[in-house]
Protein chains: 2
Amino acid sequence: MESQRIASLVERLGNLLRSEDRVTGSGAGLVPIHMQILRYLSACNRYSDTPAGVGEFVGATKGTTSQSINVLERKGYLKKRPDKEDGRIVHLGLTAKAERFIEKEFPPAEFADAVAGMRPGDRKRLSGLLNELLILLQRQNEGIAFGVCNTCRYFKRDGLGDTHQCGLTSEPLTEQESFMICREHEYPSEKAV
Amino acid sequence: MESQRIASLVERLGNLLRSEDRVTGSGAGLVPIHMQILRYLSACNRYSDTPAGVGEFVGATKGTTSQSINVLERKGYLKKRPDKEDGRIVHLGLTAKAERFIEKEFPPAEFADAVAGMRPGDRKRLSGLLNELLILLQRQNEGIAFGVCNTCRYFKRDGLGDTHQCGLTSEPLTEQESFMICREHEYPSEKAV
DNA sequence: CTTAATAGTTTCGAGTCGAAACTAATAATG
DNA sequence: CATTATTAGTTTCGACTCGAAACTATTAAG
């Protein structure tokens, strides 16, 4: 079956990516899941930089997530900061050390070289097809999408498109924020908006 | 950069696949790496069903691999069998219990459904592009390819193509064996054969 | 005001994982 | 042929993942 072949290939490529994460992380005492957490925190918006957001993204229970976050904090890669309005919520901020680290180590060099060896048209096609598959998978699972704000059903463009707003919180978004990952993200439904 | 986007997508899809492995495996007390080992053993040929082969495939050290194999043996999913010619080598055979299990659980149902939601042409294209990327990655890494025999540079078709042979061991291969994963596999070089 | 729901933490036991030290068997070399 | 690699696997160690379950604290709902 074709789906089996695609599953095998995705699994294998994912393993190679994880292996590279393992190698590049080992010098800093980090394991692959730590790398993923740091990357997520560097790309998510201010509603999503919490232990709950991290846990949903990496697909772990809150207990496991809490422990991984503690390890990262102990090693000096992030700092916790209480939410000003809700006493239960904790925000996670990357330290400068963490920012430098992920900037340098992602995407993994070998993987990037291999992608560079593809024809430009093939790269675009591959990227598009993977994205299509991911959206299908998430829609079907009722799963959390973790898309960026400007592809969200709640995203609102005011006036000439130079000011943005989140329809869920009614808060304004900067241009930069509209490209960040949000845990409340939902793609527009198939039929209509 | 495009390679970063592709890396993120592959990583994310790989995680979802691993999550499904985790769920389907948990009932049997297996973790994702166990599922991968069982699948590898069900698809590899008689030169590759050893701890060393497993370790190369999953990208772990031999110490780690040895431990995972012991867990699987203890749980009754595989049996060790010494090699007849070389006293150092151990062959790993799946039990009937293991065969049944992997037959039922792969590919993960949700992933397969999502793939089924793509247009047939897109499925084919995606499969081909992923395969291309994997070959590029492995060629560049001098990595082990783990391809199937009939795509190997050492594979020989005798006469009318109804008998096959491995040029490395000079042993005959059955039709079925020519579709199995081999750790000695090498793709034909780019220029010439 | 009481009850539920939400956000996080802590503890437990089984397992991963790399590193390093180890045994045993085969291959290479002088 | 005896010595010295090399190869295949195992074992032990410490740090960490991971799910499950019990826990605290805060906010929301009835």
Side-chain angles (χ1 to χ4, degrees), chain A residues 15 18-38 47-75 77-92 144 183-184, chain B residues 15 18-38 47-75 77-92 144 183-184:
Chain A
N15 283 349
R18 261 170 51 91
S19 287
E20 284 208 59
D21 264 359
R22 192 174 291 287
V23 172
T24 55
S26 70
L30 302 179
V31 299
I33 192 76
H34 294 155
M35 311 282 277
Q36 284 191 39
I37 291 173
L38 294 182
Y47 310 127
S48 314
D49 61 348
T50 65
V54 169
E56 287 162 4
F57 186 79
V58 303
T61 60
K62 52 189 186 174
T64 299
T65 306
S66 181
Q67 293 178 77
S68 298
I69 286 170
N70 283 340
V71 171
L72 283 169
E73 189 180 28
R74 201 160 60 238
K75 290 186 192 287
Y77 288 94
L78 55 81
K79 266 213 276 284
K80 293 181 185 175
R81 179 171 47 79
D83 188 275
K84 291 196 170 64
E85 267 120 49
D86 190 330
R88 295 168 300 183
I89 296 178
V90 170
H91 293 275
L92 304 169
I144 297 152
R183 56 183 287 220
E184 310 286 357
Chain B
N15 283 348
R18 261 170 50 91
S19 288
E20 285 208 58
D21 264 358
R22 193 174 291 286
V23 171
T24 54
S26 71
L30 302 179
V31 297
I33 191 74
H34 294 155
M35 309 282 277
Q36 284 190 41
I37 292 173
L38 294 182
Y47 311 126
S48 312
D49 61 348
T50 64
V54 169
E56 287 163 4
F57 186 80
V58 303
T61 60
K62 51 189 186 172
T64 300
T65 305
S66 181
Q67 292 178 79
S68 298
I69 286 170
N70 283 340
V71 170
L72 283 169
E73 188 180 28
R74 202 160 60 239
K75 290 186 192 290
Y77 287 93
L78 55 81
K79 267 213 275 281
K80 294 181 184 174
R81 179 171 47 79
D83 188 274
K84 290 191 171 68
E85 267 120 49
D86 190 331
R88 296 168 300 183
I89 297 178
V90 169
H91 292 275
L92 304 169
I144 298 151
R183 56 183 289 221
E184 311 286 356

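Numbered from 1 within each chain, the chains take letters A, B, ... in sequence-line order.
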Under 4.0 Å between any heavy atoms, over every strand shown, what does [X] touch: base, sugar-phosphate, or nothing? Just pick one.
{"X": "Thr65(B)", "answer": "nothing"}
{"X": "His34(B)", "answer": "sugar-phosphate"}
{"X": "Ser26(A)", "answer": "nothing"}
{"X": "Gly87(B)", "answer": "sugar-phosphate"}

What's the [atom1]-[atom2] distance between [X] and [N], to the nearest Å?
{"X": "Asp83(B)", "N": "dA24(C)", "atom1": "CG", "atom2": "P", "value": "19 Å"}
{"X": "Arg88(A)", "N": "dA5(C)", "atom1": "CZ", "atom2": "P", "value": "13 Å"}
{"X": "Ile69(B)", "N": "dA8(D)", "atom1": "CD1", "atom2": "C1'", "value": "11 Å"}
{"X": "Ile37(B)", "N": "dC17(C)", "atom1": "CD1", "atom2": "P", "value": "8 Å"}
{"X": "Arg74(A)", "N": "dA15(D)", "atom1": "CZ", "atom2": "P", "value": "10 Å"}
{"X": "Asp86(A)", "N": "dA28(D)", "atom1": "CG", "atom2": "P", "value": "6 Å"}
{"X": "Lys75(A)", "N": "dC16(D)", "atom1": "NZ", "atom2": "P", "value": "4 Å"}
{"X": "Asn70(A)", "N": "dA15(D)", "atom1": "CG", "atom2": "P", "value": "16 Å"}

If you round to the nearest 0.5 Å, how far is CD1 of Ile89(B) from CG of Asp49(B)?
9.5 Å
May I ask you to verify whether the side chain of Ser66(A) and the base of dG8(C) hold a donor-acceptor pair under 3.5 Å?
no
Any side-chain N or O of Lys62(B) less than 4.0 Å from the OP1 or OP2 oxygen of dA20(C)?
no
Between Ser68(B) and His91(A), name the one whose nearest nucleotide on DNA chain C is closer to the 5' end.
His91(A)
Taking the nucleotide of DNA chain D with the closest heavy atom to each, which residue, Gln67(B) or Arg18(A), is nearer the 5' end?
Gln67(B)
Given dG15(C), dC16(D), dA7(C), which nucleotide is nearest the side-chain atoms of Val31(B)?
dG15(C)
